[in-house]
Amino acid sequence: MLTLDKAKDILKEYGQEHLLKYYDELSESEQKELLSQIELIDFSVLDNLKEENRFTASRGKFEPLGAATIEDIEQNSEKYSAAGTEAIKAGKVAAVLLAGGQGTRLGFDKPKGMFNVGVTRELYIFQCLINNLMDVVKETGAWVPLYIMTSEKNNDDTVSFLKEKDFFGYNSDYVKFFVQDMAPSVDFSGKIYMESKSRISISPNGNGGWFTSLVRAGLLDEIKAKGIEWINVFAVDNVLQRIADPLYVGAVISSGLQSGGKVVSKADPDERVGVLCLEDGMPSIVEYYEMTEEMRTLRDEKDELAYKFGVILNYLFSVDKLESILNDKLPVHVVDKKIPYMDENGEFIKPDKPNGHKFETLVLDMVHMQDSCLPYEVVRNREFAPIKNPTGVDSVESARELLKENGIEL
Ligand code: UTP
């Protein structure tokens with residue numbers, strides 16, 4: 001256990017002495033709790049606030065990357081479907097649901113997957129995703145192992161909700177949970193927030209740590225023992241996405257490439273989505289804010305946008321490759337978020353606009369660690385209905401429209 005003196009030394013080094021401001025007022029158990037939080041925090045993450053360490057300062061040379069287009073996929077559908085079905089039936093494909101986020105934009109105080117998108121009936125986000133995966137089970141006759149990543153903040157709610165709902169009909173023998181790591185949140189001047197006099201503000205450290213967390217949970221042994229070779233990683237919020245679908249799996253396997261990423265054609269040059277491209281000759285995702293005007297508007301010989309394929313957070317990775325990059329470091333992104341905190345008067349504040357930074361590693365950066373990646377184009381209105389906000393773009397409202405358009409009763 002960390003001593004008070006040692007804690008003071010650490011905090012001094014990082015300019016965070018204020019975390020002990022109320023130490024003397026706390027009960028013995030609260031004091032212990034606070035010291036153990038300080039002990040667990042990786043303060044070196046704060047170094048990412050320094051300008052020279054910012055990830056965006058060190059990007060390489062970008063070039064466009066062509067995709068397996070909707071047309072290509074249609075033409076090869078039999079071949080892809082056969083290859084994918086074979087792999088799924090042989091138990092070589094698993095799915096990982098990234099559900100550790102806090103969904104602050106949605107403003108729902110439970111795990112995002114527990115949000116009910118139904119109107120006249122109950123239809124939860126988790127239910128939509130499981131229904132989509134069930135389509136594959138029905139089509140192939142094989143259960144796809146489903147690993148669900150939660151965070152310390154939402155694990156208990158998530159697990160009990162899915163159990164209570166009987167996993168919406170999914171075979172629970174094929175469902176496993178694991179918990180991701182946390183990182184401190186800071187105000188805009190780099191001071192770590194407190195949630196109370198004894199609790200430091202920590203939040204999930206981004207979706208990039210999913211594989212290390214899965215390994216730490218001891219699940220890699222199981223994955224290897226089962227002979228799983230491919231993992232389809234996907235976000236909780238896209239209620240229309242196909243998961244571990246034979247066509248996608250088959251297209252990536254048939255391509256001989258090391259990984260795949262589902263993409264949609266950008267609606268217009270300024271759409272705020274990361275684009276799958278090449279960076280220094282390797283697959284990579286360039287964020288919309290990192291693209292120059294020239295990149296955004298560049299056209300190819302067919303007069304199509306050259307940087308056209310936006311990612312939708314649905315990737316297919318090979319287990320072998322994931323293992324080989326296990327110890328490689330992902331860049332840490334400093335993101336602006338709304339962070340609930342305790343103010344100087346000891347009052348708990350829930351801000352309505354971003355008031356500080358969180359530190360996150362992102363799964364999309366794993367794409368740059370791959371030797372190759374197949375951008376796999378999907379029909380936007382069929383497979384892309386993300387729920388990020390209550391209303392407007394990428395919202396509950398827009399997702400409801402799209403669900404209806406796809407014949408799903410609400
Ligand atoms: P988002 O980038 O939308 O973040 O996550 P978020 O935390 O859910 O939502 P906002 O930004 O606060 O509104 C994309 C996907 O990555 C998962 C989310 O659950 C979602 O499926 N995620 C995000 C994690 O699993 N862990 C994290 O630490 C962050």
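The analysis underlying the following values was restricted to heavy atoms, covering all of them including side chains, and did not include hydrogens, waters or symmetry mates. Start at 1 and go down the list; that is how both ligands and their atoms are numbered.
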Exercise for the section: Say whether Gly101, considering both its backbone and side-chain N or O atoms, lies within less than 3.5 Å of an N or O atom on ligand 1. Expected result: yes

Handout entry: ligand 1 contact on Leu313 by region, counting heavy-atom pairs under 4.0 Å
Key = side chain

Practice task
Could you label the plane-to-plane angle of the Phe108 and Phe115 rings as parallel, tilted or perpendicular, counting under 30° as parallel and over 60° as perpendicular?
Solution key: perpendicular

Practice task
Fit a plane to each ring of Trp143 and Tyr174, take the angle between them on a 0 to 90° scale, and name the class: parallel (under 30°), tilted (30 to 60°) or perpendicular (over 60°).
Solution key: parallel

Practice task
Could you tell me whether Ala235 and ligand 1 have an N or O pair separated by under 3.5 Å?
Solution key: no

Problem - Distance-only N or O hit between ligand 1 and Leu106, under 3.5 Å - result: no

Completion exercise
Note: Tyr147 and Glu222 closest approach over all heavy atoms is OH-OE2, 2.7 Å

Practice task
Report yes if Phe234 has an N/O atom closer than 3.5 Å to an N/O atom of ligand 1; otherwise report no.
Solution key: no

Practice task
Kindly confirm or rule out an N or O of Val236 lying under 3.5 angstrom from an N or O of ligand 1.
Solution key: yes

Handout entry: Option whose closest heavy atom lies nearest to atom 4 (O) of ligand 1, chosen from Lys337, Lys388, Glu360
Key = Lys337

Problem - Salt bridge present between Arg299 and Glu304 (N-O < 4.0 angstrom) - result: no

Problem - Geometric class of the Phe188/His357 ring pair [parallel <30°, tilted 30-60°, perpendicular >60°] - result: perpendicular

Exercise for the section: Quick one: sort the Phe317 and Trp210 rings into parallel, tilted or perpendicular, breaks at 30° and 60°. Expected result: parallel

